[in-house]
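In what follows, a structure is listed as structure tokens, so that the remarks can point back to it.
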Amino acid sequence: MQPLALSRRDSYSILSSFTLSLFSLLHLHLVSPCCAHRRAASFDAGATTTTNAVRCPRLRLRSSNTRRALAVRASVETGEAQQVEAPPLPSAGKKKQATRRDVRNIAIVAHVDHGKTTLVDSMLKQAKVFRDNQTVQERIMDSNDLERERGITILSKNTSISYKGTKINIIDTPGHSDFGGEVERVLNMVEGVLLVVDSVEGPMPQTRFVLKKALEFGHAVVVVVNKIDRPSARPDDVINSTFELFIELNATDEQCDFQAIYASGIKGKAGLSPDNLADDLGPLFEAILRCIPEPRIEKDEALQMLVSSTEYDEHKGRIAIGRLHAGELKRGMEVKICTSDDACRFAKVSELFVYENFSRVPADAVQAGDICAVCGISDVMIGETIADKSTGKPLPTIRVEEPTVKMSFYINTSPFVGREGKYVTTRNLRDRLYRELEKNLAMKVEDGETADTFIVSGRGTLHITILIENMRREGYEFMVGPPKVINKVVDGKTLEPYEIATVEVPEEYMGSVVELLGKRRGEMFDMQGGAEGTTTVLKYKIPTRGLVGLRNSILTASRGTAIFSSVFDSYRPWTGDFMTRDLGSLIAFEDGTTTSYALFNAQERGQLFVRPGLDVYKGQIVGINQRPGDLAINVCKKKAATNVRSNKEATVVLDEPLDFSLDDCIEYIQEDELVEITPLNVRMLKNPKMGKKNSR
């Protein structure tokens, strides 16, 4: 590699950038509190709440010089002299736009389990959405059965509150990386986001993803350090880590000068200082009014509304949800539905709703800048524009990240087909899968090699598993194959998706976890001490295919104490094949009903999935072999009835069988295995077609 030749001026520029960055960093930490604290002090002293806070020159100096230093360092590492500048703020456009001071549109984004939905609960309660004597369940925004069972948010949902005469439209978004498409499609409905960060864990992989998307839209960001009442809270470190994340994502100086709010969502308290919380969430509401921009509208222009979400009601039909960008929408109005390819059709708005508190309220008209729900357009799709009938033009459509994982869906061909399910045919399966595309932008469905096979692609295994669980509860019977990554071929080279995996594990189990990640081609790039003092945080870049089945393996190796999460990073060259499962399966030898006598002998071969009295069929996977390779066993054998009598019957003691969930089964199966899904049972079996091919 040739040494990089730099002029005296370039050398002085590099040295000055690093010196100024170091000086500003030392000054920031040793001389005075952070900019967020300075703004907090000015706010407490009686600063106005209707204008943005004064910019901090010191923070601007730090952010600009840090960004310049990172750019110079990158150019030195690549051997090229580059000029890297921060991206400019998006222009407001040539047309003169007005603003609505009585509306704010915000989305609440965060990593999973950082307390978004709990914080929304407290905001709704303190905004007097519910009566004082009304019984309200926890996490009221998680209305889906699966969301409440799993404790995660799966779908984005709208609500609104009123504070000091201003309507605040709130969108609660999922925190899991597999549902990132839900976040991407709603960000064009808002002007700012509340970035919720755990006071102990700090920024996590999904925090980086949602913040990156918000910054790309040019949105204002209010950072909420949640769970500040935890004993091991470290708010100063979290704020610094969040600021560094802003710099890494090339945020502008204005975006780096974010407002920090410290809150306890479960207690309903917030403040501008971690040591001085108010008795309510007043400081958070004030920060929303002060820091989130007013929606810019084109009131006198032609009607334009981008459909960002759809719902279905048995009585009203399909409901289109979106933000009105220009004009006015009225009930009974004739409109034009526009697509990106200039294909338009006409429709009529039968009913119109706006969000007030925790419900949809009928409205006769909606002004630009507000979020509304439209009924009467039966074929409207996400990404289409509801425009003026005569002069309407389409808005830019919604674009989301490409899927990284795919799974094959088959009709059920097991001997137990039709026993439990209501929808079992190819037509039923096809209609349901393609109907999912109407509301799930991040998912793709393609026809397979045969008429009864479909390829479903998503952002991760969990993304597709949620679809499978919903279909199972709706009465569908079908089979699915193992998850596979979606590779790309660029310039003749095969590229595969990589993810950034973060594992927080106690020190005594760190060796086992590192060994597991290393076997799956993981590359460690960071290791830090955990917030609790007794744990270590490991960060890896690992192929997406290496994550299949990894979560359970890590939990087993750490005795259930590890915390694991991942988010998509980039595509990198293929790293070769590797084993994700060392042990084989125990296969049922024949059809029948399992018996205690047979299971007592079979459990010596490995761990079983079945208990006595269950119906099984030939080829069904009934356990995990304790050695590599599959083994066929008889779990239906009955004790021979002879005339020989013993004085004492032998006591049969059976081990507790493994109880695999749907997620566990999908992570367990290999290339030649399938998962059978029915409304009442989830079974694993060997793929009969693969068996015939192998036998040849």
Side-chain angles (χ1 to χ4, degrees), residues 405 407-408 414 461 479-485 496 501 509 511-522 542-560 562 564 574-590 594 598-611 616-637 654-676 682-696:
V405 176
M407 293 177 63
S408 298
S414 77
T461 305
M479 293 179 173
V480 297
K484 302 177 182 178
V485 298
E496 63 174 331
Y509 304 120
S512 301
V513 173
V514 170
E515 182 181 0
L516 280 173
L517 291 166
K519 289 181 178 179
R520 297 172 181 247
R521 302 288 196 274
I542 184 172
T544 301
R545 57 194 171 99
L547 299 179
V548 178
L550 180 61
R551 186 185 303 273
N552 286 337
S553 299
I554 288 179
L555 290 176
T556 301
S558 63
R559 304 297 188 270
F564 176 83
W574 175 267
T575 57
D577 296 327
F578 55 84
M579 294 291 294
T580 58
R581 197 180 82 190
D582 299 329
L583 304 178
S585 300
L586 298 177
I587 313 300
F589 180 75
E590 61 181 359
T594 57
L599 295 180
F600 179 73
N601 297 322
Q603 67 184 6
E604 298 178 359
R605 303 291 187 177
Q607 295 177 292
L608 298 178
F609 296 142
V610 295
R611 59 181 72 249
V616 297
Y617 51 82
K618 183 179 179 180
Q620 180 177 336
I621 299 175
V622 295
I624 303 175
N625 192 7
Q626 59 187 1
R627 294 183 176 87
D630 298 336
L631 177 65
I633 61 174
N634 192 344
V635 293
C636 304
K637 184 178 181 181
L654 297 178
D655 297 334
E656 185 67 21
L658 294 176
D659 186 14
F660 268 22
S661 64
L662 173 61
D663 305 71
D664 298 331
C665 292
I666 290 176
E667 289 188 349
Y668 175 81
I669 59 175
Q670 296 290 309
E671 182 70 24
D672 61 339
E673 297 169 346
L674 300 173
V675 179
E676 178 191 1
V682 177
R683 307 181 186 93
M684 293 178 286
L685 68 150
K686 304 300 289 187
N687 191 339
K689 297 181 180 179
M690 297 287 291
K692 292 179 181 179
K693 292 180 181 179
N694 294 337
S695 62
R696 294 176 184 175

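Computed from a predicted structure; not experimentally measured. Computed from heavy atoms alone, side chains included, the values below leave out hydrogens, waters and symmetry copies.
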For this session: Test side chain to side chain contact (heavy atoms under 4.5 Å, CB included) on Arg559 and Tyr509 and set out the steps.
Result: CA-CA 8 Å; Arg559 304 297 188 270; Tyr509 304 120; 3.4 Å; yes
Exercise. Between Asn552 and Asp664, is a side chain to side chain contact (heavy atoms under 4.5 Å, CB included) present by the stated rule, with each step listed?
Worked result: CA-CA 8 Å; Asn552 286 337; Asp664 298 331; 3.0 Å; yes
Problem set entry | Derivation of the side chain to side chain contact (heavy atoms under 4.5 Å, CB included) call for Glu676 and Val682 | CA-CA 6 Å; Glu676 178 191 1; Val682 177; over 6 Å; no
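For the atom pair Leu547 CG and Phe564 CZ, the distance stands at 5.0 Å (nearest 0.5 Å). Rounded to the nearest 0.5 angstrom, Arg683 CZ and Cys665 SG are separated by 11.0 Å. The structure places CD1 of Ile666 at 11.5 Å from CG of Leu674, a figure rounded to the nearest 0.5 Å.
Judged by distance alone, the side chains of Asp630 and Asn625 never bring a donor and an acceptor atom under 3.5 Å apart. Counted by atom type alone, Glu667 and Thr461 present zero donor-acceptor pairs between their side chains at under 3.5 Å.
Contact record, Met684 with Gln620: O-CG, 3.4 Å, taken as the closest heavy-atom pair. Scanning both residues, Tyr617 and Ala588, for their nearest heavy atoms gives O-CB, 3.4 Å. Heavy atoms only, all atoms of each residue included: Arg520 and Ser553 are closest at NH2-OG, 4.0 Å. Considering every non-hydrogen atom in both Gly481 and Ile669, the closest pair reads C-CD1, 3.7 Å. Thr594 and Arg611 make their closest contact through OG1-O, 2.7 Å (heavy atoms, listed as atom of the first residue, atom of the second, distance). For the pair Cys636 and Ala598, the tightest heavy-atom approach, listed with the atom from each and the gap, is N-CB, 3.8 Å.
Taking the side chain as every heavy atom from C-beta outward, Leu608 and Asp655 never approach each other to under 4.5 Å. Side-chain contact between Ser585 and Ile624 is absent, with no heavy-atom pair separated by less than 4.5 Å. For the pair Leu550/Val548, no side-chain contact is recorded, criterion being any heavy-atom separation below 4.5 Å from C-beta on. Side chains of Ile621 and Lys686 form a contact here, defined as non-hydrogen atoms less than 4.5 Å apart. Using a 4.5 Å cut-off on side-chain heavy atoms (C-beta onward), Ile633 and Ile587 make no contact. Contact check for Pro657 versus Phe609: no side-chain heavy atoms found under the 4.5 Å cut-off.
Using a 4.0 Å cut-off between charged nitrogen and carboxylate oxygen, Arg551 and Asp663 do not count as a salt-bridge pair. Electrostatic pairing of Glu673 and Arg581 counts as a salt bridge here, judged by a charged N lying under 4.0 Å from a carboxylate O.
Figure legend: cation-pi geometry between Arg545 and Trp574, with NZ or CZ positioned under 6.0 Å from the six-membered ring centre and within 45° of its axis.
Tyr668 OH: more than 12 foreign heavy atoms inside a 6.0 Å radius.
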